[in-house]
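Just so we're on the same page: letters track the sequence lines, and every chain starts at 1.
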Amino acid sequence: MTRSEAEEILQQTFKIACFYDEQWNTIDMILNGERVLLIEKTGFGKSLCFQFPAIILDGITVIFSPLIALMRDQVKKLNQLGIPARCVNSEQTEEENSKIIEAAKSGKIKILYIAPERQNNEEWMEATRQMNLSMVVVDEAHCISAWGHDFRPAFRRIINLVKLLPKGLPVLATTATATKQVEADIVQQMGGDLKIIRGNLMRDNFKLFVIKVQSEEEKLIWLGKNIEKLPGTGILYTGTRVDTEVYSRWFEFLNIPSMGYNAGLDSESRIAIEEGLMQNKWKCVISTNALGMGIDKPDIRFIIHTQIPQSPVHYYQEIGRAGRDGKPAYIILFYAPEDKRLPEAFIEGGRPSIHKYEKVISEIKKDLLGERELIKKTNLKQNQFRIIKADLMDQKIVREVTIDRSKKLEYVPGAPKLNTQIFEALRASKTDDLNQMIEYVETSQSRMNYLCNFLGDSTPNIAESCDNTGLKKIQVIVTDEWIQKIEDFHGQYFPILEVEKKGSNLVNGIASSYYGFSNVGTTLHRCKYENGGDYPDFLLKLTLKAFRKQYGQDPFDLILYVPPTKSGNLVKNFAIKISDILQIPISHQLIKHKVTKEQKNLENAYLKSDNVKEAFRYQNPDELFGKTILIIDDIFDSGATIKEIGRYLTKLGAFKIAPLTIAKTVGGDKL
Amino acid sequence: MNNEAAYWITLAHLPKWGYVKLNNLIIRFFHENNLSIEAFFQLSEQEWKSDYNLEYKDVEDLKKAKNDIPNHAFLAETLMNEGYELIPITSPLYSKTLKENLKYNAPSLLYVKGNTAILQEDSIAIVGSRNASALSLDFTDHIAKKAGEENKVVVSGFAKGVDLKALDSIIQYRGKSIIVLPQGIMTFGSGFRKYYQQIINGNVLVISTFFPKAPWQAELAMARNPIIYGLASEIYVAESSEKGGTWSGVIDGLRKNRKIFVRIPESYELTANPLLIQKGAIPVDLFGNRTPDTHLLSESEKPQAIKANNKKNPNNPQPTLFD
Ligand SMILES: Nc1ncnc2c1ncn2[C@@H]1O[C@H](COP(=O)(O)OP(=O)(O)OP(=O)(O)O)[C@@H](O)[C@H]1O
Ligand SMILES: [Mg+2]
């Protein structure tokens, strides 16, 4: 097929006038059955390099893609062009996925997006035996390298698959964010006959700024004052899920239309928010990096980071969402000196200690067990366990096998010893990347150039692209008026305790604060573990405020409190005070009738819920029938205790059980 | 070999080709023409026809199969991910014993899990009935014990009766063992759970020659028998009836001059063991020891026994216990 023939089809099907030269080069090679690694800047048009051949080639193209939001985005666009594309992912129902897989088998789909983890799925594997496969694509291919910024162990299997595919079956791997080291790693893993096309990474319509601040409040203030002055709509990236909530509450407080997004939301909400973003429903979407890689909206006019990313590569990737139409876009990074602690903690805490690895290995050697059984046996946090599992699989010490349809971990006979040097090397490399990101804040050279250089691309300097090269630096000016606004905001902001579940009369409750917010956590800790006496009055006031906000004038028949494991009468005394003020009778009959361990010492939700299972008794159960109950505790962590009490009281006939706590933790809080 | 797995799966399961035809082709491209299997599949139809004397239908089969290679790449990836290995007949890991014993009838591809080094070790097979008598099971246990002491691998077929006894015993005596499956290797989940420790410790190797997802079938159980016999240098028969897998396996083995030892039954037992001994198998006692003073036939008479029972005279009226 000649270029002009191809461009005719391009115009008809994709409504695009012509290919860029590098696009055509790539497509030409793909149509000849070659294997290509394509490294081009964000927004370049890499997707076309597989979407076009996909409709030309006979059969189905399978695209392994790391992000669900990205798959949905691309499928939608293809469908609008009338191209039969679908995605299979964990956020769709089993039936939906099955239907799509069925359609793929019978040749009704030309382009199928799929997460690499799907290789673990039996139904999918069965389907792969019957599909007429025309090409395999690895989008965001940097995910296959541990040295890349978003390594995903499941991509390892994709590499192995690619190696097994027959000669002549085209394979395309694409990324914008591969350093030379990552590029070399990809080539080494995918095997020799991979051709590389690398373009320049310069995004010349970006206006880059760094705003140095002293505190979180200064960020809130600058945004409050200025975000509406920025043109168009954009994305605000935060470092944690909780921060997406805090910032969206802040904008809500200021009546700025915004919406929070993170991977913890249910898929329906996520889809609605992604659509809202495309339709410019809000001034900004506030998100973790769950919304990022690959998303293609032409007119994102600004991208703001409230938290410094882990590396210049992450940063380049995330800001790559902006200005894809080529028009100017504002790229702003906030930086307070203490901000580096979060990514540092991430790097430091990224890997569990070695003895935990040894513990997992020794359990696996003893018996063929599944993840859940192993988590229980080793008392590890689920996410820690998963890191260990991924590392052990990566080092070929264990592997995952299917025994009668369930997954078990198996020791690899004659496996090598755990290699901890590689962990050290990875940690060193990550620390190095973080330092380079901080260097980005401090640099006096062109910021775009700085990023391109880091990615192994030395493109010449351009003027007026950042606050080091002609644009005015931004400073935060704090006024009394705004300090007052911040205080008002804190005084009315209470985290929700999400515990509602079918079959339980428990309703969602409220906490007076996040554990780590201002001095709440430290005060609780002092009282609980350092004999600091009863919880002070300011906590009582704050908790009552939270109560009024959540429950208003709702009538309650009875106050109960969670009986202690260790810390004496603190919660009891606190509940008595609340009962006095609210004039709701209190009962002391909820007791613990089995010895439980302190929940905070149990590392995972399975053990926590086992620990409190059947642990509570109410001495006079008949009197709870039909009652509306307020249940009080000091700290809400996993929620296992409240849920168990809710389950128990529901069984006794309580009509409604409403939780109220002083603080709610977020993942990673030290109690 | 690893990257060629999808090609081998494709070739090995060409419908209705049979091992002889496959092995002839493999010998031609691999040994005579020095081509890898990948290179062979890259050849044009014309080259298949002219250089390999393939008929129209064979070329069509190959063409069709070639389309399945990408699909088999997915399967191969799953297999490797779960720790299964594929050993084609061209691999140095392939059992030499099996190749020598079966020659052109040797399977083109083995699916295995466990310690592949076992394939190169000295081995015996213990075979017999599913409903074996207590004596047969005793015999099996003794032979397994002896094998353990002599550091010989015990090959068995994972059926009830003698097979399972052989396996349990050799495991008990901490010897090594090969399990030859009557099914696809991916359908052996519970077995892999049961022999987990033995596999980790390198004492057990599981083998299948069938499509990895094939469930157990009577035909597969029959087709597996020659593999069991083929993997062993010596064969011990605990108990055989006058038909069925054990019987035909031994008869076939005798025809090929294999070393086959048959337990001498007690006079009250109803087995076809004496008949096998008449046909040339070597009689042994309950402990596997050769006994010259057998009440059946002496060594010198054996060739005649074979002669007397060759094809020309299938219903030779030798007295048997079934008369
Ligand atoms: N030849 C072309 N002419 C005009 N527009 C194009 C061309 N090729 C692609 N585009 C448009 O460019 C936009 C960005 O393309 P795409 O999403 O493929 O970028 P990408 O290279 O994958 O970026 P990222 O690395 O951020 O994922 C799309 O909206 C696409 O329609
Ligand atoms: Mg992309």
Review point. Between the side chain of B/E82 and the main-chain N/O of A/R399, is any donor-acceptor distance below 3.5 Å?
Key: no
Determine, stepwise, if the pair A/V401 / B/K113 fulfils side-chain contact (heavy atoms from CB on, under 4.5 Å).
-> CA-CA 12 Å; A/V401 297; B/K113 183 162 194 171; 3.7 Å; yes
When every non-hydrogen atom of A/L164 is compared with those of B/A6, the smallest separation belongs to O-CB, 3.8 Å
Item checked: Pair A/Q119-B/T78, side-chain donor/acceptor within less than 3.5 Å -> no
If one checks every heavy atom of A/L161 against chain B at 4.5 Å, the contacting part turns out to be both
- Item | B/F74 side chain reached by A/R129 side chain, heavy atoms, under 4.5 Å | no
Applying a strict 4.5 Å limit to non-hydrogen atoms, the region of A/L409 in contact with chain B is backbone
If you tally heavy-atom pairs under 4.5 Å between each of A/V412, A/V162, A/N120, A/T402 and chain B, the highest tally belongs to A/T402
In this structure, CD of B/E77 is separated from NZ of A/K163 (nearest 0.5 Å) by 11.0 Å
Check: Is a salt bridge present between B/K213 and A/E126, judged by a nitrogen-to-oxygen distance below 4.0 Å?
Finding: yes
Q.
Does atom NZ (A/K99) have a neighbourhood of more than 12 heavy atoms from anything else shown, all under 6.0 Å?
A. no
Open item on the list: Within a 6.0 Å radius of atom CD on B/E149, are there more than 12 heavy atoms belonging to other residues, nucleotides or ligands?
Closed with: yes
B/E38 side-chain N/O to A/K167 backbone N/O, donor-acceptor pair under 3.5 Å: no
The interface call for A/K365 against chain B, heavy-atom contacts under 4.5 Å, is backbone
### Audit row: A/I403, B/F192, side-chain contact (heavy atoms from CB on, under 4.5 Å) steps and yes/no
CA-CA 8 Å; A/I403 302 285; B/F192 284 119; 4.1 Å; yes
Here the pair of heavy atoms bringing A/K366 nearest to B/Y196 is C-CE2, 4.4 Å
**OP:** Kindly determine whether A/D367 and B/Q197 satisfy side-chain contact (heavy atoms from CB on, under 4.5 Å), including the steps that lead there.
**Re:** CA-CA 8 Å; A/D367 205 354; B/Q197 288 302 335; 5.7 Å; no
Applying a strict 4.5 Å limit to non-hydrogen atoms, the region of A/E410 in contact with chain B is both
Backbone N/O of A/T128 and side chain of B/N71: donor-acceptor pair under 3.5 Å: yes
Heaviest contributor of heavy-atom pairs below 4.5 Å to chain A, chosen from B/N201, B/N115, B/N81, B/N67, is B/N81
Counting heavy-atom pairs under 4.5 Å with chain B, the top scorer among A/R405, A/R157, A/E400, A/M125 is A/R157
Turns out that what part of B/K194 lies under 4.5 Å from chain A's heavy atoms comes down to neither
Charged N to carboxylate O under 4.0 angstrom, A/D404 versus B/R193?
-> yes
Looking only at B/Y84, B/F188, B/F211, B/F41, most heavy-atom pairs under 4.5 Å shared with chain A are made by B/F211
